[in-house]
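Since the structure comes first, as structure tokens, the remarks are kept for the end.
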Amino acid sequence: MDTLGTQLNRRSLLKAMAGLAGVRYAFAQSAEPPVLTLSSSAGLTVILFASGRYQLIASGYGWIFEGNVNSAIQSVRIAQGADSGHTYQEAAFDHGTARTSAIRLYDAEETALFSTYYGQDSFNADPFPSFDSYPQGLLSFSYAGLWNYGFGALIPQSPWLQYDGQANAVIFSPAANFMTAVSQFADDGSMQGAIDSRIATLPAGFTHRALLAFGHGINTVFDRWGQALTSLSGKQRPANDANTLLGKLSYWTDAGAAYYYHPQDASQYVPVLLQVPPRFDQLSVPIASMELDSWHYQKGSPPSWVNNGSGMAAFTADPTIFPQGLARFQQALGLPLITHARWIAPTSDLRNKYKISGNVAIDPRYWQDYANYMTSCGVEVLEQDWLSGPAVTDFNLTDPDAFLDNMASALEAAGRNIVYCMPLATHLMQSTKYDNVVSARVSRDGFRRTHWDELLFDSRLASAVGLWPYADAFQSGNLKDILVATLTAGPVGSGDDIGSVDGSNLSRAVRADGVIVKPDAPMVPTDAAFLAVAQSDAAPMVASTYTNHAGLRTAYVLAYDRTDGAISAVSFSPESLGVSSPAYVFNYFQNIGRVVEAGAPFTGTVDYSGAYYIVAPIGRSLMAFLGDLNKFVSCGKKRIEQLSDDGAVRVLVRFAPNEKSVTLHFYAPSHPAVTAEEGTAGNPIRVGPQHFSVSVSPGRSSTASVILRLAATHPSPQHR
């Protein structure tokens, strides 16, 4: 680490930097020595000059960001510390009138944190950082409004992704005050991390932060950026099975579902909904929780459950629907509930009892009372909806945080979780403050094929900040909608009429006990898809996710043409998905596969309805294990608990308590042999060229441990 007084030949530095392509670089010609140079092992360097200029150099990318605090800097000092175990060095300095700013470099991460502190009440001016020099000519991407994303645009209330043609990428965003912060270009073209100009004054003691994260790869930088935000806050990211909603099939009654404001006879709602769990049980796809949407409480004036266009009159259930109360209904249902909330009606008595800002409560007592009611009624999850408006506070520096802070705090104290619905990018960033905000809906009402694009691009933001994305309720007759919903790795929910539930389709997503067999991470567009769509709106989509087992990665790829009626060629490299060995690429719906050599691309043709591929590594055994033949996420850990290949494929299969057998399938270049160490295994059956299946049954522990080997030695796939 360089310290105060380190000398650096400025002319040599300028000469070296002059050759960096794509950088707009305009130093003053006077040779000003730096007062501090600070470097991280991750390849970032900060340089401070006495005049107030500062630079951040990302040497691995040839990118330089330079700005000026417009006054001399004083009292430069260095600090060291750690955020959630991530060590850093920080250069801090005083400037202006009672301002202290700092630039922090993390030792092992390509991230830089900028912070500024106001020692007295100040006009909302001179934001820090403010870069008047930064990389030029990059592609750009950001989020605009509800469920919308945009290429070639940088929206103030969004993280800003910029990247080059090789997917080298940088994200610039707020790292605090998410509900009031903006990223903006000033009139002179400077790129700034600021507080919304509608807020005129920043109080003494106010601190703002902004973040720059770099990555060789768009998905890499999204994950690095999001990890930096949750590390700053200390958020404990939830596992993908952390609660009932995340871990098991759920049932939804929201817009687009069968029982959204239907039946119209309030007295029939309870009898109808009580028939739902037995119906799913009969089909061996049991639900484990039920969502009650806005129909379940009174709205408007006079208060009534039928006033769908109005705000909440109360958060308690409407007695005309639940004459014995919500708690009695939940007890009869026998399942935990997810309950919906929207904004508060202007005529609601809640406005007289609690402190309200705009159309929502910022009063801790409101949220404590709400949490107590949820607990007493068996409600495990609050679905806070309409966050994009009108469920918003007055716009000021404190109320938006008070709304979301008090909601999260009261519900966490009561052991309740929260999902965000209709969120903006600001809400998703804000969720990094709250352990119990676990999921966010990332596409519009009534999930269907036309929503796939928005779900995938919006999942990229939600998953980056530690949320599990989810599609809205689907109709189970639409098999590929179930597939896409499952690949989000978040909640999976049906909205079917009880007479139209397709148990066979649902069984591809869940075990016979309703446990979702899901990937390790949400499916997101590949780096290549970000590059292609940025340059042509007609480009097809390729998105992927994975399951990791002891160094073996099974990848899952969704590819489709984005134009109805069109057909496109698609290509992806298994290596780019984390499968570096030769791989077997299996087309799930066509039931065919082929070997792809290490480093080579797979090519195919897709239409609007899409294709789904399982990409399995060919290991030392010369075989590729494809997992459960009848599951979308065939090697998901709720089915395949353990998988290794040491010259033989060793598999531990998990069964639901009432499951009798599971069919595994795999690639083998010659006839295989299968033995069971626990449970039983049948004889392998050839189901296609070099494609085999075998039925296995559990032992006493509801697992089967099987070993797959080739019956004879076969040359390695690299030399076929």
Side-chain angles (χ1 to χ4, degrees), residues 139 163-169 215-221 452-453 456-457 460 483 487 519 521 523-548 551-563 566-619 622-627 634-635 645 666-669 688-691 715-720:
L139 299 167
Y163 54 102
D164 65 18
Q166 289 72 50
N168 297 307
H216 294 292
I218 292 164
N219 284 297
T220 295
V221 79
W452 288 7
D453 273 12
L456 292 170
F457 283 116
R460 182 57 283 184
L483 164 68
L487 293 173
M523 177 177 60
V524 294
T526 62
D527 288 358
F530 269 97
L531 287 165
V533 177
Q535 298 175 64
S536 171
D537 194 51
M541 171 62 73
V542 179
S544 70
T545 182
Y546 58 86
T547 306
N548 284 334
L552 293 178
R553 170 169 290 198
T554 307
Y556 312 101
V557 178
L558 176 72
Y560 59 88
D561 199 292
R562 297 170 56 243
T563 302
I567 298 175
S568 290
V570 293
S571 176
F572 60 84
S573 163
E575 187 173 32
S576 70
L577 308 175
V579 182
S580 57
S581 66
Y584 187 72
V585 180
F586 179 71
N587 187 314
Y588 184 91
F589 292 109
Q590 293 185 3
N591 200 36
I592 57 174
R594 68 174 184 257
V595 172
V596 176
E597 301 295 343
F602 171 86
T603 58
T605 302
V606 296
D607 61 11
Y608 186 71
S609 67
Y612 178 53
Y613 305 98
I614 299 171
V615 182
I618 298 175
L622 306 184
M623 305 168 71
F625 182 72
L626 294 166
S634 54
C635 287
D645 187 338
F666 50 94
Y667 157 82
Q690 300 180 317
H691 182 206
S716 84
Q718 294 96 322
H719 304 293
R720 281 197 303 273

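Residues Met523 and Ala543 come closest through the heavy atom pair CG-CB, 3.7 Å. Residues Ser581 and Pro617 share a closest heavy-atom pair of OG-CB, 3.5 Å. Of all heavy-atom pairs between Gly217 and Ala169, the closest is O-CB, 4.2 Å. The two residues Pro519 and Thr545 make their nearest non-hydrogen contact at CB-OG1, 3.5 Å. Taking each heavy atom of Asp561 and Val606 in turn, the nearest pair found is N-CG2, 3.7 Å. Ala668 and Met623 get closest at one heavy-atom pair: CB-CE, 4.0 Å.
Asp164 contributes a side-chain N or O that, together with a main-chain N or O of Asn168, makes up a donor-acceptor pair within less than 3.5 Å. With hydrogens and angles disregarded, no donor-acceptor distance shorter than 3.5 Å links the side chain of Arg553 to the backbone of Tyr546. Looking at Asp527, its side chain does come within 3.5 Å of a backbone N or O of Ile218 through a donor-acceptor pair. Checked by atom type and distance alone, the side chain of Thr563 never pairs as donor or acceptor with a backbone atom of Ala566 at under 3.5 Å. A donor-acceptor pair is defined here as one N or O able to donate and one able to accept, closer than 3.5 Å; no such pair exists between the side chain of Arg594 and the backbone of Tyr584. With hydrogens and angles ignored, the 3.5 Å screen pairs a side-chain donor or acceptor of Ser634 with a backbone N or O of Leu626. Side-chain N or O atoms of Ser536 include none that pairs as donor or acceptor with a backbone N or O of Val533 at under 3.5 Å.
When side chains are defined from C-beta on, Met541 does not count as touching Leu558, because their heavy atoms never get closer than 4.5 Å. Annotation: side chain of Val524 is not in contact with side chain of Leu456 (no heavy-atom distance under 4.5 Å). The closest side-chain heavy-atom distance from His691 to Phe586 is below 4.5 Å. Looking at heavy atoms from C-beta onward, Tyr613 lies in side-chain contact with Phe572 at the 4.5 angstrom threshold. Contact of the Ile618 side chain with the Tyr667 side chain is registered, since non-hydrogen atoms from C-beta on lie closer than 4.5 Å. Contact of the Arg460 side chain with the Phe530 side chain is registered, since non-hydrogen atoms from C-beta on lie closer than 4.5 Å. Looking only at side-chain heavy atoms (C-beta outward), Phe625 and Cys635 come within less than 4.5 Å of each other. Contact annotation: the side chain of Asp645 approaches that of Leu552 to within less than 4.5 Å [non-hydrogen atoms, C-beta and beyond].
Here the CZ atom belonging to Phe602 is positioned 9.0 Å from the OG atom belonging to Ser571, to the nearest 0.5 angstrom. Considering OH of Tyr556 and CG of Leu487, their distance stands at 9.0 Å, rounded to 0.5 Å. Note that CH2 of Trp452 and CZ of Phe457 are 14.5 Å apart. Values are rounded to the nearest 0.5 Å.
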Step by step, work out the side chain to side chain contact (heavy atoms under 4.5 Å, CB included) result for Phe589 and Tyr612. CA-CA 7 Å; Phe589 292 109; Tyr612 178 53; 3.8 Å; yes
Could you go step by step and tell me if Thr554 and Val615 meet the side chain to side chain contact (heavy atoms under 4.5 Å, CB included) rule? CA-CA 6 Å; Thr554 307; Val615 182; over 6 Å; no
